[in-house]
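For reference, the structure is listed below as structure tokens.
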Amino acid sequence: MEAPHNSLAADAANAPVAHAAPGETQAGAAPAGETQAGAAPAGETPVTARLDVTSPEQMQALGRRIAGLLRPGDLVMLSGELGAGKTTLTRGLGEGLGVRGAVTSPTFVIARVHPSLGTGPALVHVDAYRLGGGLDEMEDLDLDVSLPESVVVVEWGDGKVEELSDDRLHVVIHRAVGDTDDERRSVTLVGIGARWSGLRAGLEAAH
């Protein structure tokens, strides 16, 4: 399998390719039928990076890389159509965070908690597709974990969980148009809030 490459560091040969500079918006809109990266609150400029991924293994590796940037209290929102790779990315996040249990889609249980195997934060993996949205519903899930002390990853959370945090990382996965067997993905990372002002530098350091 061909190794991915990354333009964040000229000599990097094992990571997806990043295209955008901090504060820049992507050229053109998302492909039809796919989710646009969420906008930042008024007065804030999001930090944006776009990476190309060509296999599930690379998507999982990207998750491990992003995990190196995460800390307790972080909110990560994942957007993308069915089969885009949201759960695969989350599996990499779980590996990078060093949590217990296999990360699978939480569709039928809405949320799963993966405690840390060490001293790091737990991973709370939520499928918000059936949630009306808002902090109250998240708390009603009775997750037996402190959200401010965990990393919360939410699939299908657009318009539902933004109030959980003013600072959040929004990951939008666009799949190739046409052939559904094509494993190429374009992944847009949007860091919203002061917490994510160093997103691109962090990605480079986490490589």
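Values below: all heavy atoms of this structure, side chains included; hydrogens, waters and symmetry mates excluded. Note that the structure is a prediction, hence the values are computed from the model and not measured.
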> What pair of heavy atoms forms the shortest contact from R112 to T104, and how long is it?
Replying inline: NH1-OG1, 3.1 Å
>> Give me the atom names and distance for the closest heavy-atom approach of V151 to P121.
In response: CG2-CG, 3.8 Å
> Atom CD in Q60, atom CG in L93: separation rounded to 0.5 Å?
Replying inline: 10.0 Å
> Closest approach of S150 and V124, non-hydrogen atoms and distance?
Replying inline: CB-CG2, 3.8 Å
> At their closest point, which heavy atom of W196 faces which heavy atom of G191, and how far apart are they?
Replying inline: CB-CA, 3.4 Å
>> If you define the side chain from C-beta out and look only at heavy atoms, does anything of T90 sit under 4.5 Å from V76?
In response: no
>> Whether the side chain of R175 engages the backbone of L82 through a donor-acceptor N/O pair (distance < 3.5 Å, no angle test) should be reported.
In response: yes
>> Within the structure provided, determine whether V190 and V172 are in side-chain contact (heavy-atom separation under 4.5 Å).
In response: no
>> Please find the pair of heavy atoms, one from G94 and one from V103, that lie closest to each other, and give the distance.
In response: CA-CG2, 4.4 Å
> Judged by atom type as modelled, is there a donor-acceptor pair below 3.5 Å linking the side chain of R100 to the main-chain atoms of P115?
Replying inline: no
> Just wondering, do E155 and H125 contact through their side chains at under 4.5 Å, heavy atoms?
Replying inline: yes
> Under 3.5 Å, is there a donor-acceptor pair between the side chain of R185 and the main chain of A84?
Replying inline: yes
>> For L203, is there any backbone N or O sitting under 3.5 Å from a side-chain donor or acceptor partner on R65?
In response: yes
> Hey, what do you get for CD (E183) to OG1 (T88), rounding to the nearest 0.5 Å?
Replying inline: 9.5 Å
>> Return the CG to CD1 distance between L51 and I173, rounded to the nearest 0.5 Å.
In response: 11.0 Å
> Do I66 and L189 come close enough that some side-chain heavy atom pair is under 4.5 Å?
Replying inline: yes
> Got a second to check how far R91's CZ is from L123's CG, nearest 0.5 Å?
Replying inline: 12.0 Å
> Is the shortest heavy-atom distance from the side chain of L78 to the side chain of V153 under 4.5 Å?
Replying inline: yes
>> Do R71 and R195 have side chains that approach each other closer than 4.5 Å (heavy atoms only, starting at C-beta)?
In response: yes
>> Is it the case that the side chain of D167 and the backbone of A194 share a donor-acceptor pair, with hydrogens and angles ignored and the cut-off at 3.5 Å?
In response: yes
> Shortest non-hydrogen contact from L69 to G202?
Replying inline: CD2-O, 3.1 Å
>> As an exercise, state the distance from CD1 of I192 to NE2 of H170, rounded to the nearest 0.5 Å.
In response: 7.5 Å
> Do R168 and E162 sit within salt-bridge range, that is, some charged N less than 4.0 Å from a carboxylate O?
Replying inline: no
>> Check whether K86 reaches the backbone of E81 with its side chain - one donor and one acceptor, N or O, closer than 3.5 Å.
In response: yes
